[in-house]
K.L.:
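Please read through the structure below; I'll follow up with questions.
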Amino acid sequence: IRGKEACKVIAVLRVALEAHPTAADAHSALAMFLMSRQCGPHSDAFHLEERQEVVREAGASFETALQLDPFHAEALHGYALWLRTGADNCTAAHEIYERAIALRPDDVNLL
């Protein structure tokens, strides 16, 4: 998903969050989508300032998801990825990743 379609997905997730601000899944989904837009094969071509804002918003969304549900394995996994790539904090990323794996040791999606 790129360009206008990506903006539509973000808009839908934000509307969902306005309606359900305590939905940890929605905060985590927004964060994961934002992270996928700023890196990887489907990344949009952002200016540096835009990329930094997307990274900040993704981190804040992960943190909100984890405040709402500290045992949200997908949010923990995504936050660990964000800490490693977005915040360049490998030590904290490793600790968070270990928490995600401990919660769901058989979930191959967290590997």
Side-chain angles (χ1 to χ4, degrees):
I1 297 174
R2 300 179 100 175
K4 290 182 182 182
E5 291 85 19
C7 291
K8 288 178 186 177
V9 171
I10 290 171
V12 167
L13 288 168
R14 288 185 174 143
V15 167
L17 285 169
E18 285 177 21
H20 306 284
T22 60
D25 286 339
H27 286 282
S28 181
L30 175 61
M32 289 301 287
F33 190 77
L34 290 170
M35 288 298 291
S36 73
R37 287 189 69 211
Q38 68 90 26
C39 61
H42 303 293
S43 65
D44 290 328
F46 291 120
H47 294 290
L48 180 60
E49 297 83 24
E50 291 174 298
R51 186 176 298 262
Q52 290 171 335
E53 181 55 36
V54 168
V55 169
R56 277 191 293 274
E57 184 178 357
S61 292
F62 281 128
E63 289 168 354
T64 300
L66 292 169
Q67 287 171 359
L68 294 167
D69 181 359
F71 303 102
H72 193 293
E74 290 88 359
L76 286 165
H77 180 254
Y79 190 48
L81 292 173
W82 179 84
L83 285 166
R84 187 187 58 173
T85 60
D88 197 27
N89 188 340
C90 292
T91 302
H94 181 76
E95 292 170 12
I96 298 294
Y97 184 69
E98 291 287 326
R99 285 178 47 202
I101 296 297
L103 287 170
R104 299 214 328 239
D106 297 327
D107 189 341
V108 297
N109 294 313
L110 299 179
L111 300 176

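Residue indices begin at 1 and follow the sequence shown.
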K.L.:
Please assess Arg99 against Phe71 for the test side chain to side chain contact (heavy atoms under 4.5 Å, CB included), listing each intermediate value before the final yes or no.
P.N.:
CA-CA 8 Å; Arg99 285 178 47 202; Phe71 303 102; 5.9 Å; no
K.L.:
Could you state the interatomic distance from CG (Asp107) to CD1 (Ile101), rounded to the nearest 0.5 Å?
P.N.:
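Those atoms lie 7.5 Å apart.
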K.L.:
If we ignore hydrogens and angles and just use 3.5 Å, is the side chain of Ser61 paired with the main-chain N or O of Glu57 as donor and acceptor?
P.N.:
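Yes: the side chain of Ser61 pairs with the backbone of Glu57.
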K.L.:
Can you see which heavy atom on Leu17 is nearest to which on Ala26, and at what distance?
P.N.:
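Heavy atoms only, the tightest pair is CD2-CB, 3.4 Å.
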K.L.:
If I take atom CG from residue Leu66 and atom NE2 from residue His27, how far apart are they, to the nearest 0.5 angstrom?
P.N.:
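Reported to 0.5 Å precision, the distance equals 11.0 Å.
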K.L.:
Just verifying a value: how many Å separate Leu81 CG and Leu76 CG, rounded to the nearest 0.5 Å?
P.N.:
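Spacing of CG (Leu81) from CG (Leu76) equals 11.0 Å.
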K.L.:
Looking at Glu5 and Lys8, is there a salt bridge between them, counting it only when a charged N and a carboxylate O are closer than 4.0 Å?
P.N.:
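Looking at Glu5 together with Lys8, the answer is no, because their closest N to O distance does not fall below 4.0 Å.
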K.L.:
Measure from the side-chain N and O atoms of His72 to the backbone N and O of Ala75, and report whether any donor-acceptor pair falls under 3.5 Å.
P.N.:
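Present.
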K.L.:
With rounding to the nearest 0.5 Å, note down the distance linking CG in Leu34 to CD1 in Ile10.
P.N.:
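Answer for the CG-CD1 pair, Leu34 versus Ile10, is 5.0 Å.
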K.L.:
When rounded to the nearest 0.5 angstrom, what distance separates CG in Asp69 from OG1 in Thr64?
P.N.:
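Those atoms lie 12.5 Å apart.
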K.L.:
Specify the closest pair of heavy atoms between Leu110 and Ala100, including all atoms of both residues, with the distance to one decimal.
P.N.:
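Between these two residues, the closest heavy atoms are CD1-O, 3.7 Å.
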K.L.:
Does Ser28 reach the main-chain N or O of Asp25 with its side chain, forming a donor-acceptor pair under 3.5 Å?
P.N.:
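The answer is no, because no donor-acceptor pair under 3.5 Å joins these two groups.
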K.L.:
Met35 vs Thr85, test: side chain to side chain contact (heavy atoms under 4.5 Å, CB included). Steps then yes/no.
P.N.:
CA-CA 9 Å; Met35 288 298 291; Thr85 60; 3.3 Å; yes
K.L.:
In Å, rounded to the nearest 0.5 Å, how long is the span from CD1 of Ile96 to CG of Asn89?
P.N.:
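Answer rounded to 0.5 Å: 9.5 Å.
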K.L.:
Quick check: is Leu68 connected to Phe33 through a chain of hydrophobic side chains (ILVMFWY, heavy atoms under 4.5 Å apart)?
P.N.:
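No, Phe33 and Leu68 fall in different hydrophobic clusters.
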K.L.:
May I have all residue pairs that pass ring pair (Phe, Tyr, Trp, His ring centres under 6.0 Å) and include part of residues 81-111, sequence neighbours excluded?
P.N.:
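For residues 81-111, and leaving out neighbouring residues, the ring pair (Phe, Tyr, Trp, His ring centres under 6.0 Å) pairs sorted by first residue read His77-Tyr97, Tyr79-Trp82.
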